[in-house]
Every structure is written in structure tokens, then in C-alpha cells.
Amino acid sequence: MKVGILTGGGDCPGLNAVIRGIVRKGEKHYGDTLIGFADGWRGVIDGEYSELTIDRMRGTLPRGGTIIGTSRVQPYMFADGVQRAKQTVEDLEIDAIIAIGGEGTLSCSAELFREGIPVVGVPKTIDNDIGITERTFGFDTAVHIATEAIDRLHTTAESHNRIMVVEVMGRHVGHIATWAGMAGGATTTLIPEYPFDIEEVCASLQRRHEKGRYASIVVVAEGAKPKEGTLDIKPDEYDEYGHIRLGGIGNLVAHEIERRTGYETRVTILGHVQRGGAPTAHDRVLSTRFGVAAIEAVHDEAFGQMVALKENEIIRVKISDAVAELKFVSPQLWATAQQFFA
Ligand code: F6P
């Protein structure tokens with residue numbers, strides 16, 4: 001078979017490991033010809049690609065980013081985008097496309113499957129917000145990076161008796177914040193699923209600091225929101241692809257904490273550090289499993305389906321079902337995390 005691979009949306013540790021898994025099994029086991037489209041769906045629209053071979057994939061397992069490039073461009077952004085994508089599939093005699101992406105890339109893939117393009121999906125995102133799959137690759141790496149940062153912030157916070165606010169990524173969900181907050185022993189964590197009351201946050205910090213010389217770590221998910229009417233926040237901003245541009249809530253929270261409590265407060269916004277660099281061992285293994293399972297799905301003609309992790313096994317689900325709803329932090333995990341708040 002001739003199989004095209006693309007990576008769409010924000011980059012994520014483990015993308016190259018997925019591609020390597022596909023190429024290894026595709027070339028060695030099935031004798032496939034594999035190509036990588038440049039910059040996600042943009043390469044399919046423009047017919048831009050490069051060959052992917054076992055040889056080319058050497059050394060890429062631990063490498064962050066994606067060797068074939070990524071973008072948020074989708075065929076539906078152009079009047080003739082879908083038609084051009086279909087033309088590329090026809091001209092290059094592509095039997096299937098494996099789309100490795102997050103919510104945006106996968107939703108588009110589900111639509112294109114309905115239009116007749118044979119697609120198999122692989123869920124990617126540090127945010128871990130894709131439905132049905134228990135985990136997306138990249139999440140474990142992001143949590144490790146955020147946890148290490150929190151560990152480091154603890155010692156400087158303690159030396160100065162300060163409050164440290166750490167803003168982490170996650171878009172509309174608080175998986176990274178909840179996990180890194182629990183792993184790093186945060187004083188409190190604010191996530192989008194449960195709007196916060198800044199008065200309550202400040203009161204709990206005050207109680208803790210009044211007891212003696214304490215430093216505090218407040219983890220804030222970039223999508224965290226105050227309870228309605230409690231704090232003014234800036235209106236949402238979007239990038240040129242209509243993708244929400246979050247970030248900055250940490251500054252507001254830090255400013256309010258210092259203003260209301262009088263305790264010296266600093267903010268660290270971890271930003272893209274969380275998704276750069278080498279994937280963890282866990283993400284390398286999950287990515288490899290997803291890659292191998294994706295090329296197997298192609299050979300079973302399981303088009304319109306996505307590989308997913310369930311009870312530690314790789315299963316297949318409809319892409320459209322997986323993107324129907326975001327996966328939120330479970331109330332049970334949140335209740336456990338809350339046990340450790342100030
Ligand atoms: O979805 C992954 C993610 O890293 C989010 O956590 C974050 O909000 C967004 O992408 C940032 O996107 P960009 O790279 O366009 O700034």
C-alpha cells in the first residue's frame with residue numbers, strides 16, 4: 001500500500017516516535033511505501049511531501065517536534081481545499097492517510113473521511129483532552145516538565161518565603177495542572193473544570209502563611225476561569241486559524257494574590273517548554289504502540305477510526321466519537337487532588 005502520514009496542530013513530544021512506528025511496521029512487515037506530507041493537511045492540499053523510510057527514521061525516537069512539520073491549516077479553510085486534497089490522494093495514488101493530531105486535526109479528518117478520503121487517526125496532544133482514549137502521547141512528558149519546574153520553584157519560594165504562581169498549558173481542561181500539581185505538592189491548583197473564587201484562594205493562602213514561615217505554590221491551568229462576577233478577565237483571543245490563544249491568567253492570579261494578601265508573589269509561565277524536547281520513556285512507548293496500531297488499522301481498512309488507549313490496550317474507535325466531547329479531569333481525581341490543598 002502507499003500510505004501518507006501527516007502531523008497537524010501544535011507539536012508534541014512523541015510525534016517522531018509514532019511516525020517511526022508506522023514506518024517500521026509498514027516498510028518491514030507490509031512492504032508499504034510511506035510518505036510524509038509537509039506541515040499537516042497543508043502538504044496534502046499542496047501535494048508537498050517527502051519519502052519516509054526506516055533509514056530516514058533512524059535516530060528520531062527520542063527527538064522532540066516532528067520531522068515532517070506541522071500546521072493548523074485545514075482543507076476546509078479554502079474554497080477548493082477539499083477538492084485539492086482529494087486530487088493529491090488521487091495523483092499520488094495514496095491508499096490511506098494516517099493523521100496524527102489533536103481535536104482540530106482529528107475533527108477535520110472525520111469530515112474528510114465522510115468526503116471519501118481513507119483516514120486513520122492517532123490522538124496527539126500534551127493536553128490529554130481527546131475523548132475515549134485514556135491517554136494521549138505527549139501528556140506524560142508535559143507533566144514531567146511541569147513537575148520538575150514546580151520542584152525547582154519550591155526551593156526558591158522557600159528561601160524567599162514567597163508565593164509562586166505557575167501557569168501550565170492544557171487549553172480547556174486541567175489534566176496537566178492537576179497531575180503536575182499533585183506530583184509537585186502544590187498548595188492549590190486552579191483548573192477550567194472548576195471555576196475559582198479568588199477570595200477563597202487568598203483566604204486559604206493567608207491561613208497557611210499566618211501559621212508561620214511558609215512558601216506556597218499555586219498551579220494555574222492556562223484555561224482556568226474565575227467564578228462569574230468575581231474577577232475581570234481579558235476577553236478570549238484567537239489565532240488566524242480560529243484556535244483559542246490562552247495564557248496570561250497566571251499573571252492576573254499572581255497580581256490579585258499579592259494585592260489582596262500582601263505576600264510577595266511571583267509568576268512563572270511555562271509555555272512551550274512543556275512540549276519541546278525529548279519524550280519520556282512512557283510517551284516513546286505509547287507513541288510506538290499507536291504508530292504500529294495505526295498502520296495495522298490501515299491494512300484492516302479501518303478507515304474513519306482512531307487508535308486509542310483503553311485499560312492499557314490499544315483499541316479502535318470512530319474518530320467522530322472521539323472528538324465529540326472533550327475529556328475533562330474526573331471528579332474522583334479532582335477530589336483526591338483537593339485533599340492536599342491549603
Ligand atoms: O494544544 C496544545 C497546546 O500546547 C495548548 O496547551 C496550548 O494552549 C496551545 O497548544 C498553544 O498553541 P500555540 O503553539 O499555537 O501557541
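First listed ligand is number 1; within each ligand, the first listed atom is number 1. Residue numbers run from 1 in the order of the sequence given. Fair warning: this is a prediction, and the values are worked out from it, not measured in the lab.
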- prompt: Taking the six-membered ring for Trp, are the ring centroids of His243 and Tyr238 within less than 6.0 Å of each other?
  reply: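 Between Tyr238 and His243, which both carry aromatic rings, the centre distance is not below 6.0 Å.
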- prompt: Nearest to atom 9 (C) of ligand 1 by heavy atom, Arg245, Gln274, Arg275: which?
  reply: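 Residue with the shortest heavy-atom distance to the ligand atom: Arg275.
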query: Would the number of heavy atoms belonging to other residues, nucleotides or ligands and lying under 6.0 Å from CZ of Phe78 be above 12?
result: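 Above 12, so yes.
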- prompt: When you look at CD of Glu115, are more than 12 heavy atoms from neighbouring residues, nucleotides or ligands closer to it than 6.0 Å?
  reply: yes
message: Taking the side chain as everything from C-beta on, heavy atoms only, tell me whether Val3 gets closer than 4.5 Å to Ile98.
response: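 SC-SC contact between Val3 and Ile98 confirmed.
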- prompt: Is Ser216 reaching over with its side chain to a backbone N or O of Met164, donor-acceptor style, under 3.5 angstrom?
  reply: no
message: Could you check whether any side-chain N or O of Glu167 sits under 3.5 Å from a backbone N or O of Val267, counting only pairs where one atom can act as donor and the other as acceptor?
response: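 Looks like no, no N/O pair under 3.5 Å.
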Can you list the atoms of ligand 1 that are under 4.0 Å from a heavy atom of [X]?
X: Arg171; answer: 1 (O), 5 (C), 6 (O), 8 (O)
X: His272; answer: 13 (P), 14 (O), 16 (O)
X: Glu222; answer: 5 (C), 6 (O), 7 (C), 8 (O)
X: Arg72; answer: 10 (O), 12 (O), 13 (P), 15 (O)

query: For Asp239 and ligand 1, does the shortest N/O to N/O distance drop below 3.5 Å?
result: no
- request: Return yes or no for this condition: an N or O of Met169 is under 3.5 Å from an N or O of ligand 1.
  value: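 No, since none of the N or O atoms of Met169 sits under 3.5 Å from an N or O of ligand 1.
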- prompt: Does Asp127 reach ligand 1, in the sense of a heavy atom lying below 4.0 Å from it?
  reply: yes
- request: Compute the minimum heavy-atom distance from Gly102 to ligand 1 and say whether it is under 4.0 Å.
  value: no
query: Between Phe341 and Trp334, is a ring pair (Phe, Tyr, Trp, His ring centres under 6.0 Å) present by the stated rule, with each step listed?
result: CA-CA 11 Å; Phe341 293 172; Trp334 185 242; 5.5 Å; yes
